[in-house]
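Report on the structure given below.
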Amino acid sequence: MRIIAAVCSAILVMEFVLHGLAMFIGMEAGIDPLTRHFGFRPERWLVLLIGMLDAAAAAALVAGWWHPWAAAAGAAYALAFFGMMLALRFHRHLGGILPPDFPLFFTLAAVVLVLSLLR
């Protein structure tokens with residue numbers, strides 16, 4: 001079970017590091033999905049806040065190898081973040097094909113959360 005949690009955590013860490021870096025430096029790759037999918041362009045303080053939370057979640061998932069409570073905290077953030085993205089997507093009736101990364105990362109976060117709580 002620990003190997004499954006480690007693989008799922010590694011994928012989530014990769015996502016949070018890449019997304020967090022994109023948000024920190026203001027790359028359109030990190031900001032454009034918010035504009036395109038949800039219809040608003042976030043202000044700079046919100047972009048920095050999301051980048052900071054992504055970096056903290058990645059650090060918590062890495063620390064989760066030694067401390068299960070840290071993995072649970074990082075996975076809970078990932079679950080809340082991607083759950084919010086899924087809810088906003090359906091709330092705005094955007095229809096069409098759902099981006100495959102939202103359900104994938106939501107599922108990975110759920111797996112890490114359950115496995116870290118079982119440890």
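The figures that follow rest on heavy atoms only: side chains count, while hydrogens, waters and symmetry mates do not.
- Both the sub-6.0 Å distance and the 45° axial angle are satisfied by R2 relative to the ring of W65.
- Atom CE of M1 sits about 5.5 Å away from atom CG of L115, to the nearest 0.5 Å.
- A pairwise comparison of heavy atoms in L61 and A71 identifies CD2-O, 3.9 Å as the closest pair.
- Transitive grouping of hydrophobic side chains (ILVMFWY, heavy atoms separated by less than 4.5 Å) keeps L12 and I4 in distinct clusters.
- Put simply, CG on L79 and CZ on F106 are 4.5 Å apart, with the number rounded to the nearest 0.5 Å.
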#### Entry: side-chain contact (heavy atoms from CB on, under 4.5 Å) between I50 and H19, intermediate numbers included
CA-CA 9 Å; I50 292 171; H19 187 258; 3.8 Å; yes
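- Among all heavy-atom pairs drawn from V112 and A75, the shortest one is CG1-CB, 3.7 Å.
- In this structure, CG in D54 is found 9.5 Å from CG in L21, a value given to the nearest 0.5 Å.
- A109 approaches A78 most closely through the heavy-atom pair CB-CB, 3.6 Å.
- Tracing side-chain contacts under 4.5 Å through hydrophobic residues (I, L, V, M, F, W, Y), one never reaches V13 starting from V111; they form parts of separate clusters.
- Hydrophobic clustering keeps F81 apart from V114 (ILVMFWY residues linked when any side-chain heavy atoms are closer than 4.5 Å, directly or through intermediates).
- L108 contributes atom CG, which lies 12.5 Å from atom CG of L113 (distance to the nearest 0.5 angstrom).
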### Message
Checking W69 against R119 for the side-chain contact (heavy atoms from CB on, under 4.5 Å) test, could you report, in this order, the C-alpha distance in whole Å, the side-chain angles of both residues, the deciding distance, and whether it holds?
### Response
CA-CA 9 Å; W69 58 267; R119 237 184 342 148; over 6 Å; no
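- Atoms CG and CD1, on L48 and I25 in that order, are 11.5 Å from each other to the nearest 0.5 Å.
- In this structure, F82 and F105 have tilted ring planes: the angle between them lies in the 30° to 60° band.
- The SG atom of C8 sits 12.0 Å away from atom CD1 of I3, with the distance rounded to the nearest 0.5 Å.
- Here the side chains of L117 and P68 are not in contact, with every heavy-atom distance at 4.5 Å or above.
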